[in-house]
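Worksheet for the structure shown next.
Just so we're on the same page: letters track the sequence lines, and every chain starts at 1. Quick caveat, the model's predicted, so the values are computed rather than measured.
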Amino acid sequence: MDEQAFTARVTGDDRVEPRDEMPDGYRRTLVRQIAQHAHSEIIGMQPEGNWITRAPSLRRKAILVAKVQDEAGHGLYLYSAAETLGADRDELLDLLHTGRQKYSTIFNYPATSWADVAAIGWLVDGAAIVNQVPLTRCSYGPYARAMVRICKEESFHQRQGFEAMAVLAAGSPAQRRMAQEALDRWWWPALMMFGPSDVDSPNSAQSMAWGIKRFSNDELRQRFVDATVPQAEFLGLVVPDPDLRRDEETGHYRTGQIDWSEFATVMRGDGPCNRERLARRVAAHDDGGWVREAAAAYAAKHAAARAVAA
Amino acid sequence: MTTTTEVDLDVATYCLRLGDDALVLAQRLCEWAARSPQLEEDVALLNLALDLLGQARSLLTLAGVREGRGRDEDALAFLRDEPDVVNLQLVELENGDFGRTMARQLLVAAYAVPLWQALCASTDADLAAIAGKAVKEVAYHLDHARSWVVRLGDGTEESHRRVQAGFDEVWPYGFELFEVDPLLERLIARGVAADPAALQQVWRATVEEVLAEATLVVPETGWRPTGGRSGAHTEAFGYLLAELQHLHRSHPGVSW
């Protein structure tokens with residue numbers, strides 16, 4: 001495999017397809033990234049899924065059910081995209097269940113009020129879109145195409161989240177308080193979703209060269225901040241950052257220092273919900289083992305019967 | 001100005017019954033979110049829940065209109081107390097394991113298919129319109145339940161045992177699907193409601209066929225729990241209703 005030729009090819013915006021030759025490192029990097037993205041989708045069902053049965057109106061309940069269903073669907077496309085690279089869904093799930101692969105740190109924070117559901121849609125889906133839109137031009141075809149569909153749905157979720165937040169922000173004093181507290185809880189973790197600053201992000205340069213990544217973590221974070229701060233102002237909510245300033249020269253918002261030690265703590269497994277999220281995922285998988293075995297046994301039995309008949 | 005007639009009130013109650021069935025079963029299915037045996041099932045179960053929720057919203061809205069007391073879907077879903085909620089006990093039973101959930105799904109879907117087919121021809125045009133949409137949805141619900149019941153029944157020893165136990169547990173609650181009371185008799189006479197006697201034949205044929213294919217037996221029981229339509233519920237229902245209603249009730253009169 002001529003790695004230089006490959007790099008030149010992906011730099012020229014040529015898409016790599018499943019049967020094409022590709023460097024092992026490229027394949028490994030993509031499998032890891034796509035798998036972790038898939039894991040984030042399915043773990044991400046939990047904080048919001050917890051609110052489905054308590055949603056305060058039937059309309060909000062239906063919107064939330066559809067959203068959580070979309071997340072399961074995103075998990076499915078992404079595991080399928082990883083399978084086009086030779087990975088196996090069961091093995092990837094095993095890596096998740098045994099803590100050898102990660103998912104986004106954001107889902108290790110608790111969603112303790114209804115406003116958190118709105119804030120997750122607005123901020124977490126908002127940050128995800130900023131992260132993922134460039135992936136629609138990723139050099140690996142199946143991933144790029146999955147991201148086109150996922151981004152459309154995420155953008156719908158983000159608008160719904162913002163709209164739900166707007167209703168709370170314009171609501172009763174208790175609803176307003178709920179909205180502000182949710183912003184207080186989710187703002188900094190949402191900024192951390194873009195990952196460490198580029199100087200501390202070891203894999204970024206190679207991913208850029210391979211056309212997997214198009215923009216640096218800091219560029220994407222800035223884009224999110226610039227889009228979101230005016231939205232918070234529109235809602236009459238206060239971004240919980242006393243150092244937040246608009247740089248008049250560049251027009252960009254400058255945030256205060258992100259507490260990367262908190263990010264490291266959550267990444268290490270010591271966030272508020274790491275243990276709970278993983279335990280619930282493992283329990284669902286284990287409790288469903290007999291169902292998957294039954295489906296496999298039935299399929300085998302009937303394949304054998306058809307073979308005999310034929 | 002329109003006046004509310006006795007027929008309107010009967011239709012309102014009938015819609016409440018069907019709407020409560022759909023809402024309560026949707027609520028139970030939602031409990032499976034991020035807990036199902038495989039990702040495809042998370043998608044499928046939430047899809048069923050979403051269909052049922054849509055049916056519930058249309059039915060409760062229509063109930064509110066016919067009742068003529070200004071109650072919308074949310075007032076009906078969140079502000080009625082337990083004795084005023086009139087779903088079948090079958091749909092409020094706890095999920096149990098996946099086998100029991102699928103056993104219940106089969107009993108409900110095998111009833112919903114002929115129910116909505118019949119209601120497509122209801123003399124009440126609004127109800128017939130709701131039926132026109134629901135009938136397509138529940139056809140999938142029946143396929144889904146059937147395919148799981150067959151795979152579990154004819155899968156492994158463990159799955160066979162579990163799904164049979166599921167049927168044994170939920171079966172007695174199926175009799176309530178076909179009860180008739182004076183209100184239903186009046187609506188059947190007017191061509192508004194579906195006649196349970198006709199539904200029961202179709203239901204029984206479907207369920208027996210699926211159970212046979214699944215190598216499962218039809219449970220035998222003389223026990224016929226009842227009362228859902230008059231607001232009598234199982235103990236499990238109070239918890240379901242508390243979870244469903246608490247947030248809405250904690251903030252009276254606000255928008256969401």
Side-chain angles (χ1 to χ4, degrees), chain A residues 38 41-62 64-73 75-76 79 89 93 113-114 164 167-168 170-172 174-175 178 277 280-281 283-285 287-299 301-302, chain B residues 23 26-47 49-50 53-54 56-57 60-61 72-74 76-78 97-99 102 147-148 150-160 162-163 240 243-251 253-256:
Chain A
E41 294 284 355
I42 65 170
I43 296 285
M45 294 168 69
Q46 291 184 31
E48 292 172 285
N50 289 338
W51 280 95
I52 291 176
T53 54
R54 293 176 287 171
S57 73
L58 294 186
R59 174 172 165 266
R60 292 286 173 206
K61 191 192 286 282
L64 188 55
V65 172
K67 183 182 179 194
V68 174
Q69 190 194 21
D70 283 346
E71 286 159 2
L76 274 175
Y79 286 118
R89 198 213 297 185
L93 284 174
S113 87
W114 171 253
V167 171
L168 296 174
S172 69
Q175 286 176 307
M178 209 187 268
R277 298 285 188 245
R280 168 141 165 216
R281 173 89 267 285
H285 188 79
D287 291 348
W290 68 273
V291 175
R292 295 189 303 276
E293 282 161 23
Y298 178 84
K301 226 184 274 188
H302 288 266
Chain B
L23 177 60
Q27 184 81 355
R28 282 294 183 217
L29 288 170
C30 287
E31 293 173 9
W32 276 102
R35 288 198 168 82
S36 90
Q38 59 189 27
L39 211 37
E40 287 81 355
E41 274 316 291
D42 275 304
V43 176
L45 294 172
L46 290 174
N47 191 39
L50 202 52
L53 203 48
R57 295 180 65 190
L60 294 182
T61 299
D72 64 8
E73 58 177 31
D74 286 340
L76 287 167
F78 295 102
D97 67 9
F98 188 74
M102 285 304 114
S147 74
W148 271 114
V150 168
R151 278 182 281 174
L152 296 177
D154 192 17
T156 63
E157 246 173 72
E158 181 183 9
S159 68
H160 180 90
R162 282 178 179 255
V163 72
L240 181 148
E243 197 170 328
L244 175 78
Q245 296 184 334
H246 99 273
L247 179 58
H248 183 95
R249 288 191 181 215
S250 300
H251 301 268
V254 304
S255 302
W256 296 100

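Looking at B:F98, the atoms closer than 4.5 Å to chain A (heavy atoms on both sides) sit in the backbone and in the side chain alike. In this structure, chain A has heavy atoms under 4.5 Å from both the backbone and the side chain of B:V150. Contact annotation for B:S36: only backbone heavy atoms (N, CA, C, O) come within less than 4.5 Å of a heavy atom of chain A. There is no contact between B:L45 and chain A, counting heavy-atom distances below 4.5 Å. Residue A:A283: no heavy atom, backbone or side chain, is found under 4.5 Å from chain B. Both the backbone and the side chain of A:R54 come within less than 4.5 Å of a heavy atom in chain B. Using a 4.5 Å cut-off between heavy atoms, B:L53 contacts chain A through its side chain alone, with no backbone atom that close. Proximity to chain B involves both the backbone and the side chain of A:L58, based on heavy atoms less than 4.5 angstrom apart. Neither the backbone nor the side chain of B:R28 has a heavy atom closer than 4.5 Å to any heavy atom of chain A. Only the side chain of B:L60 comes within less than 4.5 Å of a heavy atom of chain A; its backbone N, CA, C and O stay farther away.
Most heavy-atom pairs under 4.5 Å with chain A: of the set B:Q245, B:R162, B:M102, this distinction falls to B:R162. Highest contact tally toward chain A, considering only B:D154, B:D42, B:V254, is held by B:D154 [criterion: heavy-atom pairs under 4.5 Å]. The choice from A:R60, A:K301, A:Q69, A:M45 that makes the most heavy-atom pairs within less than 4.5 Å of chain B is A:Q69. Of the listed residues B:E157, B:R249, B:E73, the one with more heavy-atom pairs under 4.5 angstrom with chain A than any other is B:E73. Interface check for chain B: of the options A:G171, A:G288, A:A297, A:S57, the most heavy-atom pairs under 4.5 Å are formed by A:S57. If you tally non-hydrogen atom pairs under 4.5 Å between each of A:G49, A:S113, A:A62 and chain B, the highest count goes to A:A62. The choice from B:D74, B:L244, B:L152 that makes the most heavy-atom pairs within less than 4.5 Å of chain A is B:D74. With chain B as partner, the option from A:I52, A:L76, A:N50, A:D70 having the largest number of non-hydrogen pairs under 4.5 angstrom is A:L76. Annotation: maximal heavy-atom pairing with chain B below 4.5 Å, among A:A294, A:P56, A:A284, occurs at A:P56. Comparing B:G155, B:G253, B:A49, B:S250 by heavy-atom pairs within less than 4.5 Å of chain A, the highest count is held by B:G155. Counting heavy-atom pairs closer than 4.5 Å to chain B, the top-ranked of the candidates A:E48, A:H285, A:Q46, A:K61 is A:K61.
Taking the centre and axis of the six-membered ring of B:W32, the NZ or CZ atom of B:R35 falls outside the cone set by 45° and 6.0 Å.
Looking at A:L168 and A:W114, their side chains come closer than 4.5 Å, going by heavy atoms from C-beta outward.
Checking side-chain atoms of A:R281 against main-chain N and O of A:R277 turns up no donor-acceptor pair under 3.5 Å. A donor-acceptor pair under 3.5 Å links the side-chain atoms of B:Q27 to the main chain of A:T53, judged by distance alone. A:E293 places no side-chain N or O within donor-acceptor distance of the main-chain N or O of B:S159, the cut-off being under 3.5 Å. Distance alone, capped at 3.5 Å, places no donor-acceptor pair between the A:E71 side chain and the A:I42 backbone.
When every heavy atom of B:L23 is checked against every heavy atom of B:A77, the shortest pair comes out as CD2-CB, 3.8 Å. Nearest heavy atoms, A:W290 versus B:G99: CH2-N, 3.5 Å.
B:T61 and B:R57 are not linked by any side-chain donor-acceptor pair at a separation below 3.5 angstrom, with hydrogens and angles left out of the test.
With sequence neighbours excluded, the residues that form a side chain to side chain contact (heavy atoms under 4.5 Å, CB included) with A:A66 are B:L50. Looking at residues two or more places apart in sequence or on another chain, you find a side chain to side chain contact (heavy atoms under 4.5 Å, CB included) between B:A44 and B:E41, B:Y140, B:H144.
Ring pair B:H248/B:F78 is parallel by interplanar angle, where below 30° counts as parallel and above 60° as perpendicular.
Between A:R89 and B:E40, at least one side-chain nitrogen of the basic residue sits less than 4.0 Å from a carboxylate oxygen of the acidic one, meeting the salt-bridge criterion.
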